[in-house]
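I have placed the structure first, in the form of structure tokens, so that the comments after it can refer back to it.
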Amino acid sequence: MCISIEALVLFLSFLPQDRILIAEDRVIVNADIGRVVYEPTGDLWCAERPRSEEMLEVVFE
């Protein structure tokens with residue numbers, strides 16, 4: 001999933017700051033279902049979707 005920097009900043013503003021780690025080349029969100037890493041790809045910031053069946057069950061419950 002890829003989003004603009006503006007959308008990423010807005011999303012991060014809703015999260016508790018202790019769950020966010022911001023580095024030069026990535027943003028890491030420690031979510032309840034696991035760690036999500038956003039990395040810049042051109043003008044967008046992209047993160048991979050959860051791959052495990054367990055994580056997908058949590059997302060779609």
Side-chain angles (χ1 to χ4, degrees):
M1 176 180 84
C2 296
I3 58 177
S4 68
I5 186 65
E6 295 85 1
L8 179 60
V9 169
L10 180 62
F11 168 65
L12 295 176
S13 73
F14 289 102
L15 300 177
Q17 295 302 301
D18 63 341
R19 291 189 172 235
I20 302 168
L21 175 64
I22 298 175
E24 247 183 70
D25 60 344
R26 69 189 56 162
V27 174
I28 301 170
V29 177
N30 290 307
D32 290 338
I33 62 170
R35 180 177 286 177
V36 179
V37 179
Y38 287 90
E39 296 178 308
T41 305
D43 291 338
L44 299 176
W45 285 75
C46 301
E48 290 191 26
R49 288 191 232 172
R51 292 182 184 220
S52 75
E53 291 297 318
E54 179 181 310
M55 289 177 77
L56 290 173
E57 288 174 17
V58 171
V59 170
F60 293 108
E61 282 184 342

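Here the structure is a predicted model, which means the values were calculated and not measured.
Remark: Ile28 engages Leu21, Arg26, Asn30, Arg35, Val37 in a side chain to side chain contact (heavy atoms under 4.5 Å, CB included) (not counting sequence neighbours). Residues forming a salt bridge (Lys or Arg N to Asp or Glu O under 4.0 Å) with Asp43 (at least two apart in sequence, or on another chain): none.
Ile3 and Leu10 end up in different hydrophobic clusters when Ile, Leu, Val, Met, Phe, Trp and Tyr side chains are linked at under 4.5 Å.
Taken to the nearest 0.5 Å, the CH2 atom of Trp45 stands 13.5 Å off from the CZ atom of Phe11. To the nearest 0.5 Å, atoms CZ (Arg19) and CG (Asp32) are separated by 4.5 Å.
Other members of a hydrophobic cluster containing Leu44 are absent, since no ILVMFWY side chain comes under 4.5 Å of it, directly or through relayed contacts.
Here the shortest heavy-atom pairing between Ile20 and Val27 reads CG2-CG1, 4.2 Å.
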